[in-house]
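Report on the following structure.
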2 protein chains.
Amino acid sequence: MNARSGRPALTRPDGTPVRVLVVDDDPDLAEVLSGALRYEGWEVRTARDGASAVAGARELLPDAVVLDVMLPDTNGFAVLRSLHAVRPDVCVLFLTARDAVEDRIAGITAGGDDYVTKPFSLEEVVARLRGLLRRAGMARQLEEGPRLVVGDLAMDEEAREVTRSGELIELSPTEFELLRFLMRNPRRVLSKTQILDRVWSYDFGGQAHVVELYISYLRKKVDAGRPPMIHTVRGAGYVLKPVAR
Amino acid sequence: MNARSGRPALTRPDGTPVRVLVVDDDPDLAEVLSGALRYEGWEVRTARDGASAVAGARELLPDAVVLDVMLPDTNGFAVLRSLHAVRPDVCVLFLTARDAVEDRIAGITAGGDDYVTKPFSLEEVVARLRGLLRRAGMARQLEEGPRLVVGDLAMDEEAREVTRSGELIELSPTEFELLRFLMRNPRRVLSKTQILDRVWSYDFGGQAHVVELYISYLRKKVDAGRPPMIHTVRGAGYVLKPVAR
DNA sequence: GCCTTCGCTCAGAGCCCGCTCAGAAGTTCG
DNA sequence: CGAACTTCTGAGCGGGCTCTGAGCGAAGGC
């Protein structure tokens, strides 16, 4: 069982919580990240530089590491080598500035690791991590697949494909992330703030009004002409529900 | 057993009372809040700034913290970090002014923490706290679910759904809160003043007449054509009772 | 039985919330 | 370098929600 009730957690094969090390020199960002990962039911530890990252990894023996490429003392790649020395099969998710060295990252990620560019949304980080862990055989049997289903609505996270009763629905990146968040929390009212904090980048300064706008976009594509699955709860937020039988 | 007789308290897994730290620089507000939380059967301690909050947390080791974002000495994020350092799984409920536009700290609700805007109602604060604690695994086993049931009337707090004998009932935010308060105190007469203090915001200047009005609204939706569950006790208040068999 | 008190309900005003449209700025891709 | 797409802002509108006031009915005291 997850911290987030009702949804099964992604765990290690023996049932113990997945262990993740977060390495970033911005303490606020590290705090937000580790909060989100703990919310997934995972065990989290933070480090703010390369040295303490390696030390932390030795203690925690993490299954995955979220690693900022730009660190005060070293760069991420040196840390990566040390990490692989500690635990060869560790998954690494790099955090990197958009304009920086994408080619070098590409070389690294060929090995099965992955990266996201700053500024990112928490949904994206969590989704990538889940993908990495799943591929590393971390899923507790069958219950954790790359496929989300709510009623006749289905999402293949890896193929980035969404269908409703078999019909393919094309979504923009933000629409996709919003729908993923909704589908990962079916039958639960989500406030606009929750959605904003989770689906939009952490540096987004805008109003909750965008959420309304994107809900409106989603409705046009997901609910179009069909019995609605996205419901407004006035004064509270939005819910995704399978249509009542 | 709870201070509020007849209703089982939300307790820690070992049966001891939930421990909550209230941090606000307004002593009156802190007093009202801690009163309401003690009424839930919880152990409460107060602090009026960030420094004493961290100190208090170290002593009390609280399960949850009610934390005003606007503190004289620090910002919410720094306090959040300190609190998580003391106890990684602590839940935080932030209090924030509605018009203080950009004190919304991005990502605050992403880690499973929550917030309410001032002015708030006590029911809302308590409900949010209960939600946080429940998700953190604080519920004494099965008896405390996200579901309130009185007779054939049922409320799912997370989905914000109310049904009577299976039929869905649509409620406005205030109606919902009022009914939640009634359902959390079944078979107990609640005075209009009690209801006003609990369901309406603390800065509400209006008359007790609104309570009558909203009871009337609720009756139309909840009791409509069915044997009544909401009863008037003249000169005393209202009771919610399951229909006699 | 009458009068007072208390509670119920209707109607309406004002406000706030959420939805949508249109367009500007930025991004991606051919 | 242009075209298509995506994201976000601003404004307007429609309607739901909350509360006030008034009138009416019921309960209970004298």
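Residue numbers start from 1 in every chain, and the chains themselves are labelled A, B, ... in the order their sequence lines are given, proteins ahead of strands. The structure displayed is predicted, hence computed values, not measured ones.
Whole-Å rounding puts the A/E212 CD to C/dC21 P distance at 14 Å. Between the C1' atom of D/dT18 and the CG atom of B/D203 lies a distance of 14 Å, rounded to the nearest Å. Atom OH of B/Y214 and atom P of C/dC10 are 15 Å apart (whole Å). The distance from atom CD of B/Q207 to atom C1' of C/dG7 is 15 Å, rounded to the nearest whole Å. Summarising the geometry, the separation between CG on B/L196 and P on C/dG7 is reported as 14 Å, rounded to the nearest angstrom. When rounded to the nearest whole Å, the span between OH of B/Y238 and P of C/dG7 equals 6 Å. The distance between atom NZ of B/K220 and atom P of D/dG16, rounded to the nearest whole Å, is 15 Å. Regarding B/I215, its CD1 atom lies at a distance of 14 Å from the P atom of D/dT18, rounded to whole Å.
Within the structure, a side-chain polar atom (N or O) of A/T174 is placed less than 4.0 Å from OP1 or OP2 of D/dT7. Between B/T232 and the phosphate of C/dG7, there is no side-chain N or O to OP1/OP2 separation shorter than 4.0 Å. In this structure, B/R234 does not reach the D/dG28 phosphate: none of its side-chain N or O atoms is under 4.0 Å from OP1 or OP2. For D/dT18, neither phosphate oxygen OP1 nor OP2 lies less than 4.0 angstrom from any side-chain nitrogen or oxygen of B/W200. Checking the phosphate oxygens (OP1, OP2) of C/dG18, a side-chain nitrogen or oxygen of A/K192 falls inside 4.0 Å. At least one side-chain nitrogen or oxygen of A/S172 sits closer than 4.0 Å to the OP1 or OP2 atom of D/dT7.
No donor-acceptor pair under 3.5 Å is formed between the side chain of B/D68 and the backbone N or O of B/D25. No donor-acceptor distance shorter than 3.5 angstrom exists from the side chain of A/R234 to the backbone of B/P173, with no hydrogens or angles considered.
Each of A/R147, A/R130, A/R180 was checked for a side-chain hydrogen bond (donor to acceptor under 3.5 Å, both in side chains) with A/E157, and the lone residue meeting it is A/R180.
Looking at every heavy atom in both residues, B/M183 comes nearest to B/L153 through CE-O, 3.6 Å. For the pair B/V44 and B/S34, the tightest heavy-atom approach, listed with the atom from each and the gap, is CG1-CB, 3.3 Å.
In terms of polar N and O atoms assigned as donor or acceptor, the side chain of B/H209 never comes within less than 3.5 Å of the base of C/dG7 in a complementary pairing.
Within the nucleic acid shown, B/F176 has no heavy atom closer than 4.0 Å to any nucleic acid atom. Among the heavy atoms of the strands lying under 4.0 Å from B/L213 is at least one base atom, whether or not backbone atoms are also near.
Taking the nucleotide of DNA chain D with the nearest heavy atom to each of B/Y217 and A/E175, the more 5' of the two is matched to A/E175.
When the nucleotides C/dT9, C/dC19, C/dC8 are ranked by their closest atom to the side chain of B/R219, C/dC8 comes out on top. Nearest to the side chain of B/P173, among D/dC17, C/dC10, D/dT6, sits D/dC17.
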